[in-house]
Amino acid sequence: MDSTEQTPLVALSHGRKVSTERRVSAYQTIKTYIAIGLYLFLFALIIQYIRNGMPDPLSDKEALAKNEFSGLHAFDEYLTMFKEPHSMNTRELQKIKHLISSHVLEIQEQGRLHGVSVDVVTNDTTYLNEYAHRSTPGTMIFINSKNIILRINGKSKDAILVNAHYDSVPTSPGVTDDGIGVAVGLELARYFVRKSPQHSMIFLFNAYEEGGLLGSSAFVKHPWFKNVRSFINLEGAGAGGRALIFRSSDIQALRSFSASSSAFPHASSVGNDLFKMGIIKSDTDYSIFSAQGIPGIDLAFYQRRSHYHTIRDDIAHTSPKSVQHMGQMVLHGLRNMDKDMHGSSEPVPLVMFDILGRILVVQSFKSYMIIHCITLFVIPTLVLATVFYLKGPAAVYYLSQAVLRGFLVSLLGLGGTFLGIGPLSFLLQTMNPMVTYGSIYIVSLAFFVTLCFGLVFSQTLISHLSKCIDLSQFDFRTALLGLLGLWWILGVFATLLGLKKIALMYYAVYLVISAYISFGLYQLIPKSSRLHLPIVFVTQTFVPCLILIEIWYVTLESSRHITVDGSPEVSVYITLALPILLIVLHLLPWVHRASNKSQSALSFGSLALLLLIVCCILSPFNSGDSPNKLVYHEFYNATANVTTVEIISATGLQQTLENALPPKDTDIRCTNHLTYQTKCLYTSPDIPLYGQRGNKEYTWSLNTTCTETECHTQGSYTAQNSILCRVTINQGTALPMTRVWVNNRVFDGSNVTSLTIHSGDYGQPVSWKAEYPPNTPFPVRLSCFYDEWTQGEMPAFVSLQNHLPDSAVLLTRGHSMLEVDYATLDG
């Protein structure tokens, strides 16, 4: 009989053996992926549970007993005063100013009772004029300061500044932006008048931040500013949650923050880098003080950015825990700063991040670069030298070949993930733009599954590539070495960014260190030990996943709602996908360990397709945490008696307006705006209340006199219900003016096209004058701004707001909802 022949019994036995091996292999594959999935899922849940922990709010009695911050007192006594919108051009702001002033005077009296010297300014006489670089080019703004300032005098005149602004945008009660900052500042001042600090502490409650950081700009001119050595800016760009240190140039102050174990610190260097690269367009008072060479800290709430500047930034969408979190973190930092501050320090770039909201890591870039150089160059050199010394050059050659083979396979895996995530992102952007806005967890899961598909599928190609590249000796050990090589390249890139003082990829060095340790343990632990592979897996993934999942959470919470503000959706995809990609790449050795790559790729691909379908049918907006934000501005031409409404938002704006507006307002004209947004205009028959009043609302006069060398146009106006008006010259086109006067103060008139003047009080006359060459046409237009709407003063706004679905909200940025164009006169 031929030796290759088999009896039916033998063939049957062989078939059963193969079938059993396949079942065992399939079981091993399923078990591996389920174990990894459960590990990552539970790890993410635990991280979220720990990182979201905030201190319990303390009553006044509890805080006194524990020498802590009283979040309940700050919430009940101070934060509850922010009930209505109170922008710079509202009577409500004057009420808020009066309330804060009364609280500040009470704190001054408490200081007197405790023998602590406290100075207070409730009627700041600083007068500010500056070009409106942040809003309208060519406009010069003239503002009477409404800042409220409290100074607790310490043994040293060197001062720490704590700043918060008490104005809001016109469409928001401003509880998180920036009522919590004000409440925390007042409570901190109340704490320190009982403790007599070593250094002086200045608490600035500034107005007009929303109009272009004007309150902080005014304080720079105040005589107390010269003693400021460091500052903490308290801000809000969301609704409640945890406060994040997102910018800092004061390493000494940050180390004071990190010295406390009970302050729940939360920090990230990403804000520093994104501002530096110009990706974040908004700004805070931090920039004003930092521009003066003062080191400081920028601290802000950032969760639920969809409520930022809207009517939902109210007391119902925050909690005493948020107040306690910010207050306790700042109190601990201030106490240590007061103890450790020695004279003035220079602003320095730095690296900062927290671990689970419990440990704050702070590094100078010098330390950062030293760690990178040791990790990336010194350690590998020592390892290779040791191998060469102990085992000779052949072992070094063999090790380098293994690293090279593994690195090639790692690159193949990286390419596979790109080929998976690229089409998915394209399809989502095409079929359901902004799905990340309201369904970012589902999109994240789709990213994870698709990246896993790309990684597993890429590894099925190894057998084909082995014909041209020697991958025959590729194994689990080689995969670990390949990932080490990939992380080493990433670390080199992070080092190059570090040379430019950019810390965006601070995590890369920890990926390299974890790869070193996991490979070392793989070599040292006996292969026969049942704990061999579990220990390798945990050491390979624990620290990287801890850091990357934390980054993913911060990215998810901070970037999901920025697209309606004009940021491209692709930027959200990139920042969201990057940490998930790096987590998935850690699974490369385990993909080979699991085997059955083709079947696994098919399973991941099918699940990715299902998730893509789900993502395509989800609505990007909802009535909960993700309403669509519509930016509202209204313009009324008193001469033509026409109201024009401008709305700016992202996808679906025209349909939203057509469904919400009554038939009389359906003449909607929409165009693309700033690449990623839509701007719609429509004419409304609803006339603003103050626009109907005509000469009862405003009066103005104009007079021009000329000589052979110069002309002077002098005007005056009075507005009964607005303290902010604009005098526009020559339709906003620059004239060769030499000087301008506002209320008898003279200023340089070069390149000025309009004067935006804050009158100080309603019905107060304002005078102005301009000097320019003779024979120059000088047409002048007067317009005034209005922000009050809660009593029906702006029927077009109220009508739209009442007819919008719950999944959409209105907001206004800056200092004005309504501009009324009254009249034009020729000078």
Side-chain angles (χ1 to χ4, degrees), residues 50-58 62-63 66-75 78-79 160-164 176-192 195 197 201 203 230-238 240-269 271 284 286 295-303 318-341 350 352-362 550 554 557-558:
I50 296 174
R51 71 185 292 274
N52 277 348
M54 292 193 289
D56 292 328
L58 301 178
E62 291 171 325
K66 296 180 178 181
N67 193 28
E68 272 290 0
F69 181 89
S70 177
L72 283 176
H73 183 271
F75 187 93
Y78 302 140
L79 190 59
I160 303 169
L161 170 67
V162 178
N163 173 72
T176 300
D177 179 26
D178 188 26
I180 294 182
V182 172
V184 167
L186 287 168
E187 188 65 28
L188 288 170
R190 182 170 167 264
Y191 172 92
F192 280 105
K195 300 297 180 180
M201 291 193 179
F203 294 87
S230 181
F231 71 90
I232 300 174
N233 183 52
L234 308 180
E235 256 291 1
R242 294 191 298 161
L244 172 74
I245 301 173
F246 69 100
R247 278 198 290 181
S248 180
S249 59
D250 194 335
I251 194 166
Q252 182 177 320
L254 271 182
R255 285 172 176 161
S256 295
F257 273 67
S258 68
S260 173
S261 60
S262 59
F264 295 83
H266 187 29
S268 174
S269 295
T284 71
Y286 174 96
I297 291 173
D298 214 357
L299 187 68
F301 296 97
Y302 65 99
Q303 292 172 288
T318 190
S319 71
K321 281 193 171 185
S322 294
V323 180
Q324 184 73 35
H325 181 261
M326 174 181 270
Q328 187 166 311
M329 180 163 45
V330 176
L331 174 60
H332 283 246
L334 274 175
R335 287 196 304 220
N336 290 327
M337 288 171 68
D338 183 46
K339 180 175 62 177
D340 299 333
M341 190 171 73
L350 50 84
M352 60 180 177
F353 61 94
D354 71 279
I355 301 174
L356 299 178
R358 298 299 185 274
I359 301 171
L360 180 59
V361 179
V362 182
E550 174 81 11
V554 173
E557 293 162 348
S558 61

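Side chain of His325 to main chain of Ala243: a donor-acceptor pair is present (N/O by atom type, distance under 3.5 Å, no hydrogens or angles). The backbone N or O of Leu58 sits less than 3.5 Å from a side-chain atom of Ser70, completing a donor-acceptor pair. In this structure, Ser269 contributes its side chain and Met352 its backbone to a donor-acceptor pair below 3.5 Å. Put simply, the side chain of Gln303 gets close to the backbone of Arg242: a donor and an acceptor are under 3.5 Å apart. A donor-acceptor pair under 3.5 Å links the side-chain atoms of Ser248 to the main chain of Gly296, judged by distance alone. Using a distance-only test at 3.5 Å, with no hydrogens or angles considered, a donor-acceptor pair links the side chain of Arg358 to the main chain of Ile50. Counting only distance, with no hydrogens or angles, the side chain of Ser256 and the backbone of Gly333 share no donor-acceptor pair below 3.5 Å.
Annotation: side chain of Pro57 is not in contact with side chain of Val323 (no heavy-atom distance under 4.5 Å). Gln252 is not listed as a side-chain neighbour of Met337, based on a closest heavy-atom distance of 4.5 Å or more. Taking 4.5 Å as the limit, every side-chain heavy atom of Val184 sits out of range of all side-chain heavy atoms of Phe203. Under the 4.5 Å side-chain criterion, counting only non-hydrogen atoms from C-beta, Asp338 is not in contact with Leu334.
Going from atom CG of Asn336 over to atom CG of Leu331 covers 9.5 Å, rounded to the nearest 0.5 Å. The structure places CZ of Arg190 at 11.0 Å from CG of Leu188, a figure rounded to the nearest 0.5 Å. Taking CD of Gln324 as the start and CG of Asp56 as the end, the distance is 8.0 Å to the nearest 0.5 Å. Separating the CZ atom in Phe69 from the CE atom in Met326 is a distance of 9.5 Å, to the nearest 0.5 Å. To the nearest 0.5 Å, atom NE2 of residue His73 and atom CD of residue Glu62 are 13.5 Å apart. Rounded to the nearest 0.5 angstrom, Phe301 CZ and Leu234 CG are separated by 8.5 Å.
Looking at Arg247 and Thr284, their side chains do bring a donor and an acceptor atom within 3.5 Å of each other.
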Passes salt bridge (Lys or Arg N to Asp or Glu O under 4.0 Å), Arg51 versus Glu557? Steps please.
CA-CA 13 Å; Arg51 71 185 292 274; Glu557 293 162 348; 3.1 Å; yes
Verdict with supporting geometry, Asn67 and Tyr191, side chain to side chain contact (heavy atoms under 4.5 Å, CB included):
CA-CA 9 Å; Asn67 193 28; Tyr191 172 92; 2.7 Å; yes
Yes or no on side chain to side chain contact (heavy atoms under 4.5 Å, CB included) for Leu299 and Met329, after CA distance, side-chain angles and deciding distance?
CA-CA 10 Å; Leu299 187 68; Met329 180 163 45; 3.6 Å; yes
Run the side chain to side chain contact (heavy atoms under 4.5 Å, CB included) test on Phe257 and Ile232 for me, step by step, so that the C-alpha distance in whole Å, both residues' side-chain angles and the decisive distance to 0.1 Å come before the verdict.
CA-CA 11 Å; Phe257 273 67; Ile232 300 174; 3.9 Å; yes
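Among all heavy-atom pairs drawn from Ser558 and Tyr302, the shortest one is CB-CD1, 3.7 Å. When all heavy atoms of Leu356 and Asp354 are compared, the closest pair comes out as N-OD2, 3.7 Å. The shortest non-hydrogen separation linking Ala164 to Val182 is CB-N, 3.7 Å. Here the closest non-hydrogen pair linking Leu79 and Ile180 is CD1-N, 3.5 Å. Nearest approach of Ser258 to Leu360, heavy atoms of both residues: CB-O, 3.4 Å. Summarising the geometry of Gly236 relative to Ala300, their closest heavy-atom pair is N-CB, 4.2 Å, with the distance given to 0.1 Å.
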